[in-house]
Amino acid sequence: MTKEVKVTISGLHFAEDGQQELEMAYDGEYYEKNGVHYLFFNELQEGFEEPVRNRYTMTAESLEVRRSGPVSANLHFREGERRQSTYQVPWGSLNAAFDTSRVRLAVRKDRLEMQVVYRLNLDGEEQAECDIRVRVEERKKTGM
């Protein structure tokens, strides 16, 4: 796969008040070394002038998400494990816990797909069952 990629993150969140779907697409950079896949992209969020910088580190067993900028966090998902983290936002911090039930990685010549299923707990309260999918594809070159 090329260095320049399109990153699509989609997901479902199932909570008491219903289901929420999301899908976001970004231009990013992709690297692979010794079976570890690295993904870098910036995310503009409403209300912030500075982008949130994201680094995803993916293996067949885990996903690590590092976010820095106006929002910062170090999130780690590994199947069968509960991991805790602090999610820092400009107006304060949240204590987050992730009970990961599934991690799947599919790597092809021109595409990578990862699925992570987990239960989200914020500040001690169960929030949602989440199914997040990350798709990385070679960025299409535009001609003149």
Side-chain angles (χ1 to χ4, degrees), residues 1-91 93-122 126-144:
M1 188 169 357
T2 62
K3 175 182 166 183
E4 296 175 349
V5 294
K6 176 183 173 190
V7 180
T8 304
I9 300 175
S10 58
L12 292 172
H13 297 268
F14 301 97
E16 288 181 10
D17 59 350
Q19 174 180 313
Q20 179 185 15
E21 291 184 52
L22 62 101
E23 183 169 293
M24 299 162 287
Y26 308 96
D27 287 336
E29 292 182 2
Y30 167 81
Y31 302 91
E32 185 273 333
K33 184 175 181 181
N34 298 326
V36 179
H37 306 272
Y38 300 94
L39 184 59
F40 300 89
F41 62 93
N42 289 335
E43 175 183 353
L44 289 173
Q45 292 189 335
E46 189 174 324
F48 300 113
E49 290 182 23
E50 178 185 353
V52 176
R53 292 175 301 285
N54 292 280
R55 182 185 88 186
Y56 284 39
T57 304
M58 299 171 278
T59 70
E61 298 83 29
S62 68
L63 168 65
E64 181 181 358
V65 176
R66 288 184 183 237
R67 306 184 81 201
S68 61
V71 173
S72 65
N74 185 8
L75 315 175
H76 198 116
F77 304 90
R78 182 176 289 274
E79 191 169 310
E81 292 185 6
R82 178 183 181 95
R83 297 285 181 108
Q84 295 190 9
S85 180
T86 300
Y87 212 94
Q88 190 69 41
V89 292
W91 51 88
S93 62
L94 296 168
N95 293 315
F98 309 93
D99 292 305
T100 306
S101 59
R102 181 180 177 110
V103 174
R104 295 291 181 269
L105 177 65
V107 180
R108 295 175 181 81
K109 179 182 163 191
D110 63 345
R111 181 177 53 197
L112 175 145
E113 294 179 352
M114 177 160 247
Q115 177 191 27
V116 177
V117 178
Y118 62 94
R119 292 201 66 75
L120 173 63
N121 183 301
L122 292 175
E126 194 75 29
Q127 296 295 314
E129 177 80 24
C130 304
D131 182 342
I132 301 298
R133 295 168 192 255
V134 179
R135 187 173 64 246
V136 181
E137 301 171 288
E138 293 182 357
R139 196 176 320 155
K140 304 288 188 238
K141 304 233 188 277
T142 55
M144 289 194 205

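Keep in mind that the numbers below use all heavy atoms, side chains included, and drop hydrogens, waters and symmetry copies.
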Minimum-distance pair of heavy atoms, taken over all atoms of [X] and [Y]:
{"X": "P70", "Y": "E50", "value": "CG-O, 3.4 Å"}
{"X": "S62", "Y": "V103", "value": "N-CG1, 3.9 Å"}
{"X": "Y30", "Y": "T2", "value": "CD2-O, 3.9 Å"}

Quick one: pull up [atom1] in [X] and [atom2] in [Y] and give me the separation to the nearest 0.5 Å.
{"X": "H76", "Y": "R78", "atom1": "NE2", "atom2": "CZ", "result": "4.5 Å"}
{"X": "T59", "Y": "N34", "atom1": "OG1", "atom2": "CG", "result": "12.5 Å"}
{"X": "Y38", "Y": "E32", "atom1": "OH", "atom2": "CD", "result": "9.0 Å"}
{"X": "K33", "Y": "T57", "atom1": "NZ", "atom2": "OG1", "result": "13.0 Å"}
{"X": "F98", "Y": "N121", "atom1": "CZ", "atom2": "CG", "result": "9.5 Å"}
{"X": "S101", "Y": "R119", "atom1": "OG", "atom2": "CZ", "result": "9.0 Å"}

- prompt: Going by the angle between their ring planes, with limits at 30° and 60°, are Y118 and F77 parallel, tilted or perpendicular?
  reply: tilted
Any side-chain heavy atom of [X] sitting closer than 4.5 Å to one from [Y]?
{"X": "R67", "Y": "Q88", "answer": "no"}
{"X": "E64", "Y": "R66", "answer": "yes"}
{"X": "I9", "Y": "Y56", "answer": "yes"}

Residues which pass side-chain hydrogen bond (donor to acceptor under 3.5 Å, both in side chains) with E138, listed by chain and number, not counting sequence neighbours: none
Using modelled atom types and a 3.5 Å cut-off, is there a donor and acceptor pairing between side-chain atoms of [X] and backbone atoms of [Y]?
{"X": "E43", "Y": "V52", "answer": "no"}
{"X": "R139", "Y": "G28", "answer": "yes"}
{"X": "S85", "Y": "A96", "answer": "no"}

Exercise answer: donor-acceptor pairs, residues 110-117 side-chain atoms, under 3.5 Å, sequence neighbours excluded:
| from | atom 1 | to | atom 2 | distance (Å) |
| --- | --- | --- | --- | --- |
| Q115 | OE1 | R102 | NE | 2.8 |
| Q115 | NE2 | D131 | OD1 | 3.2 |
| Q115 | NE2 | D131 | OD2 | 3.3 |

query: Do R83 and T100 pass the side-chain contact (heavy atoms from CB on, under 4.5 Å) test, and can you show the C-alpha distance, the side-chain angles, and the key distance before you say yes or no?
result: CA-CA 8 Å; R83 297 285 181 108; T100 306; 6.0 Å; no
- request: Any chance you could lay out the side-chain contact (heavy atoms from CB on, under 4.5 Å) test for E23 and T8, step after step, and finish with the verdict?
  value: CA-CA 7 Å; E23 183 169 293; T8 304; 3.8 Å; yes
